Amino acid sequence: MAEHQQQHYGYQQHQQHHPTDTYKGRFQQNGSQSTSKVLAVLTLFPIGGICLLLAGLTLTGTLIGLGVATPLFVIFSPILVPAALTIGLAVTGFLASGAFGITALSSLTYIVNYFRRMSGGGVGGGASMQDPLDYAKRRAQDTAGYVGQKMKDVGQRTQEAARS
């Protein structure tokens, strides 16, 4: 009976874990891993602290700059707002002009290449443009047939599910 109690007591002691045992197991899987993890923490902790310090300094500087500049923006707003609008519209105009120019050049290039293919002067050697259109038409018909078949299958499955 005493043996049974000792075994039972030993089993209970074995089952009790200290809360830090799981962390010890994670960090002490093998010696090289725990050393590398400690070195990583020792290296990254100061870097993280420095980055946090710089973030705080940047925020402080930004708030001070905003506090100083706000009265100037209010005083000079009759000049700054129209100037900002003018500059914004000018930039938009230049970008739109460039976009329209690129679109025009690509459209003209496409038209020139189209006429070259139709006249036989291009790489296709007189191949008609009807072939890609026929291919697209066949693909559309195949897709429509496939979707129709799928819809039919779904309808049948729905009817079977409603019957059961």
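Not measured: the values here are computed from a predicted model.
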Please test V147 against K150 for side-chain contact (heavy atoms from CB on, under 4.5 Å), starting from the C-alpha separation and ending with a verdict.
CA-CA 5 Å; V147 169; K150 282 292 183 185; 5.6 Å; no

Would you say T43's side chain and L39's backbone share a donor-acceptor pair under 3.5 angstrom?
yes

[atom2] on [Y] to [atom1] on [X], rounded to 0.5 Å:
X   : Y   : atom1 : atom2 : result
L66 : F73 : CG    : CZ    : 8.0 Å
L59 : L54 : CG    : CG    : 12.5 Å
L42 : I47 : CG    : CD1   : 11.0 Å

Run the side-chain contact (heavy atoms from CB on, under 4.5 Å) test on R116 and V112 for me, step by step, so that the C-alpha distance in whole Å, both residues' side-chain angles and the decisive distance to 0.1 Å come before the verdict.
CA-CA 6 Å; R116 280 187 187 165; V112 167; 3.9 Å; yes

Same cluster for L80 and I75 if Ile/Leu/Val/Met/Phe/Trp/Tyr side chains link at under 4.5 Å?
yes

What about L63 and V68, same hydrophobic cluster or not, with Ile/Leu/Val/Met/Phe/Trp/Tyr joined at side-chain heavy-atom distances under 4.5 Å?
no

Which atom pair, heavy atoms only, marks the closest approach of V74 to S77?
O-OG, 3.2 Å

